[in-house]
Amino acid sequence: MRTSLSESSAAQKAVPAAKTETNSVVALVGSPNSGKTTLFNWLTGARFKTVNYPGSTVDYSVGRTQARYGEAIAVMDTPGTYSLDPKSPDEEVTFKAIFDHKEFGTARLVVSVVDATLLGRQLYITRQLLESGFRVVLAVTMSDLLSESGRKIDRESLSRYLGIPVVLIDGRLGGGINELVEVIRAELSRSSDDVREVRPVRWDDAKVESELKKLDLIASQVLVSDTPSVAPKTFLLVRERTKKWDRILLHPVAGLVIFFAVMSALFGSIFWLAAPVMDWVDQALSWLAEAVVNAVPEGLLAQFLSDGVIASVAAVAVFIPQIFILFVGINLLEDSGYLARAATLIDRPLSLVGLGGRSFVPILSGYACAVPAMLSARSINSRRERWLTLFILPLMSCSARLPVYALLLTFVFFDGASWAAGFTLAAIYLGTIVLGAIAASLAGRFLQLEDRSFFMLELPVYRMPRLKVVLRQALTRTMNYVKRAGPAIFTFALIVWVATTFPNYDLEDKTERLDSSYAAQVGKYIEPVFEPMGGDWRTGVGLISAFAAREVFVSSLAVLMQVTDEDEDSLQASLIEKMRDAKAPNGMPLFTTASVVGLILYFMIALQCLSTVTVAAKEAGSWRFAIVQLVVFNIVAYALAVGVVQGLRALGIA
Amino acid sequence: MSTTTTLADLPPETTKTIANLAGDPVLVARLRELGFIVGADVKVVGRAPFGEPVLVEIRGSTVALRKAEARCVHL
Ligand SMILES: Nc1nc2c(ncn2[C@@H]2O[C@H](COP(=O)(O)OP(=O)(O)OP(=O)(O)O)[C@@H](O)[C@H]2O)c(=O)[nH]1
Ligand SMILES: [Mg+2]
């Protein structure tokens with residue numbers, strides 16, 4: 001699972017500039033969750049996300065070995081695959097990338113990455129690679145987990161059995177990397193004379209069975225006791241510990257209760273954990289605003305800076321701690337190994353609506369961002385399930401929506417406790433799952449595509465999440481978030497400020513200035529569209545600007561509401577105050593229970609993110625799919641928002 | 001078919017040896033890749049809520065399977 005597209009393209013770009021004489025690449029290939037990405041990160045210095053879940057990498061990426069390992073070698077990380085007989089789109093990526101890459105052709109050398117604790121089974125693809133004609137080097141990862149149980153690998157024998165060099169890797173501390181690079185280099189220089197034909201093997205059932213049996217035997221012979229006098233334990237301690245945990249976490253009743261507790265804690269904690277930090281951020285930004293206003297001579301520029309830029313940035317920036325906490329929570333789950341259990345627990349409920357357990361990880365990462373989520377759907381083998389998952393992913397409340405909900409909930413619960421806001425937020429998030437389920441079962445009726453659906457998931461061992469890595473990854477993701485949303489917020493700060501300030505910028509009365517501005521003049525034409533959902537022209541402008549990025553709704557609103565730090569103790573308090581005072585065209589308050597519910601519902605469903613549309617078209621392989629999705633979600637969002645607002649009003653709830 | 005039991009009806013905590021794999025070729029191929037080969041020992045260690053997927057221990061690792069896949073594994 002990539003944190004963002006930009007991260008993976010950064011590594012892909014790293015290579016073409018390289019003067020690799022023959023444009024060849026060394027590919028890391030192996031079973032899912034065997035430690036390829038971890039190894040790739042050590043070799044190249046990249047910081048791709050490693051996840052304790054089989055099927056986390058869904059695209060190949062290329063990088064160059066770090067300078068400290070000598071002359072650079074181009075290496076390629078690939079999605080995990082059990083064999084050279086691909087059964088899902090991510091496995092196909094690997095197949096194509098090593099046999100027939102558009103730039104590198106056939107991989108010059110393959111580093112077959114196998115997990116020491118699953119040696120017998122994972123050597124299978126090593127054998128297939130060898131029989132296909134590749135030059136292969138074996139990298140055995142997770143060797144640290146063996147020694148705990150008093151075992152080690154006899155690498156000389158293993159090397160002899162397979163006829164290839166073997167290197168032991170410790171993926172946590174980086175042991176063996178130097179040696180691996182040396183072995184790769186030696187192999188590369190040796191290979192120049194003999195040109196082998198590389199072609200994927202096709203094995204019949206009998207051959208597969210006999211290969212697997214043979215490998216099992218080899219594995220049992222090369223796993224030897226650490227200390228000659230002591231017989232090795234017949235089991236691995238990590239696996240025993242994992243089994244104990246699974247007895248609780250996968251228990252039919254307790255497991256389900258824990259699952260819901262974990263999910264509610266993830267979403268509920270966003271608010272109350274962030275509350276104190278949010279106050280600091282708010283204070284700091286308010287001081288900054290004051291400092292800027294004092295430093296710049298009074299005039300249009302000062303006004304633009306304080307009422308445009310600072311108001312916009314501050315409105316969204318207060319919610320960054322919440323986004324960070326969301327990412328920390330997701331990363332903790334990813335690192336621990338719980339994701340595979342969660343996927344197993346909800347396979348059955350999800351298959352009732354046409355999805356499957358494999359849809360869980362894309363759905364969860366959809367709460368961070370729909371773009372990487374759609375990519376991660378490549379690990380779903382059934383085309384039908386994959387298509388339905390892609391269809392509902394934009395409904396998952398991504399982090400761009402968090403500032404919107406957070407602002408509206410802060411508005412509602414301003415004087416209340418943060419747990420109330422947290423609770424409501426968790427309810428919104430769980431509500432999106434219900435919406436997703438409804439959307440999947442409805443879309444399933446129209447979908448002609450039938451495909452074999454299966455669910456076979458290896459449950460990886462539990463690992464203690466490494467706090468440092470988790471925090472660092474969460475920070476990277478938060479920075480990416482800021483980088484993505486920042487430009488849109490700035491651009492719209494300028495556009496909305498200009499539109500709301502001119503032509504009568506010299507009017508003393510700010511309200512009059514706004515009401516006679518260009519934005520208001522144009523706004524009056526669109527107002528009828530937004531009035532049924534309890535909005536006015538200002539909400540309308542906010543909603544339209546949200547198509548640039550959802551959080552721009554919040555920053556635009558700050559400009560439209562003319563936030564100042566003059567009379568309030570903080571910028572956020574000022575925004576809330578202004579929202580409370582805002583009047584709809586009919587003289588009633590603009591933000592009421594009904595209109596806030598309408599807005600939240602609208603944001604839950606509307607598809608306002610154009611990158612999502614592009615990725616959907618690419619991943620589903622059809623622009624029609626993406627356009628139908630775009631149109632349907634926006635129409636439904638609007639219709640439901642109008643329906644609910646009118647319904648609530650009919651019931652006497654303003 | 002009725003004479004042989006499949007992994008889908010194996011009671012919990014009993015270990016049996018795989019006699020044969022049969023069914024959809026893609027499912028069977030993936031099962032093999034996950035370690036389900038003739039002669040290997042399997043044990044059901046649990047079931048997810050709602051009876052599926054089944055949790056199976058195979059050669060030291062745990063794999064979750066739906067009943068439909070477990071039925072391909074004859075014991
Ligand atoms: N203890 C230990 N853990 C490791 C080692 N190498 C990797 N891991 C962990 O194993 C998990 C999987 O690592 P990845 O590098 O993401 O595996 P991958 O092969 O890229 O997985 P896919 O992309 O799903 O195919 C992560 O939680 C890693 O932290 C190792 O040598 N020792
Ligand atoms: Mg990976």
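Every chain is numbered from 1 and lettered A, B, ... according to where its sequence line falls, protein lines coming before strand lines.
For B:E69, the part lying under 4.5 angstrom from a heavy atom of chain A is the side chain only. If you measure heavy-atom distances from A:T81 to chain B, you find no contacts under 4.5 Å at all. For B:A68, no part lies near chain A; criterion is any non-hydrogen pair under 4.5 Å. For a residue to count as touching a neighbouring chain, one of its non-hydrogen atoms must lie under 4.5 Å from one of that chain's; by this rule B:A70 does not touch chain A. Neither the backbone nor the side chain of B:I58 comes within less than 4.5 Å of any heavy atom of chain A. Within the 4.5 angstrom heavy-atom criterion, only side-chain atoms of A:R239, from C-beta onward, approach chain B. Only the side chain of A:K243 comes within contact range of chain B, with at least one heavy atom under 4.5 Å from a heavy atom of that chain. Contact of A:L118 with chain B is made through the side chain alone, with heavy-atom distances under 4.5 Å.
Not a single side-chain hydrogen bond (donor to acceptor under 3.5 Å, both in side chains) links A:K152 to another residue, sequence neighbours left out. Scored by the salt bridge (Lys or Arg N to Asp or Glu O under 4.0 Å) test, A:E211 finds A:R127, A:K207, A:K214 as partners (sequence neighbours excluded).
Heavy-atom pairs under 4.5 Å with chain B peak, among A:V208, A:L212, A:V461, A:V253, at A:L212. For the set A:N381, A:L256, A:L345, the entry with the most heavy-atom pairs within less than 4.5 Å of chain B is A:L256. In terms of heavy-atom pairs under 4.5 angstrom with chain B, the leader among A:L250, A:D216, A:I125, A:I346 is A:D216. Taking B:I37, B:V28, B:L21 one by one and counting their heavy-atom pairs under 4.5 Å with chain A, the maximum is reached by B:I37. Counting heavy-atom pairs under 4.5 Å between each of A:R348, A:Q122, A:E209 and chain B puts A:E209 at the top.
Within the structure, the salt bridge (Lys or Arg N to Asp or Glu O under 4.0 Å) test picks out no pair touching residues 354-363 of chain A (sequence neighbours left out).
Closest of all the heavy-atom pairs between A:P252 and B:P49 is O-CG, 3.3 Å. In this structure, A:D347 and B:P53 approach most closely via the heavy-atom pair OD2-CG, 3.7 Å. Minimum heavy-atom separation, A:R452 to B:D24: NE-OD2, 2.6 Å. The two residues A:M456 and B:L65 come nearest to each other via the heavy atoms CG-CD2, 3.5 Å.
Within a 6.0 Å radius of NZ in B:K16, no more than 12 heavy atoms belonging to other residues, nucleotides or ligands are found.
Using a 4.5 Å heavy-atom cutoff, the side chains of A:F454 and B:L31 are not in contact.
Residues of residues 38-48 of chain B that come closer than 4.5 Å to chain A, counting heavy atoms only, are B:V38, B:R47, B:A48, ordered by residue number.
Judged purely by distance below 3.5 Å, without hydrogens or angles, the side chains of B:R66 and A:S351 never pair a donor atom with an acceptor atom. Using a 3.5 Å distance cut-off with no hydrogens or angles, the side chains of B:R32 and A:S83 do not pair a donor with an acceptor.
With rounding to the nearest 0.5 Å, the separation of CG in B:L55 from CZ in A:R247 is 11.5 Å. Rounded to the nearest 0.5 Å, atoms OG (A:S220) and CZ (B:R59) are 10.0 Å apart.
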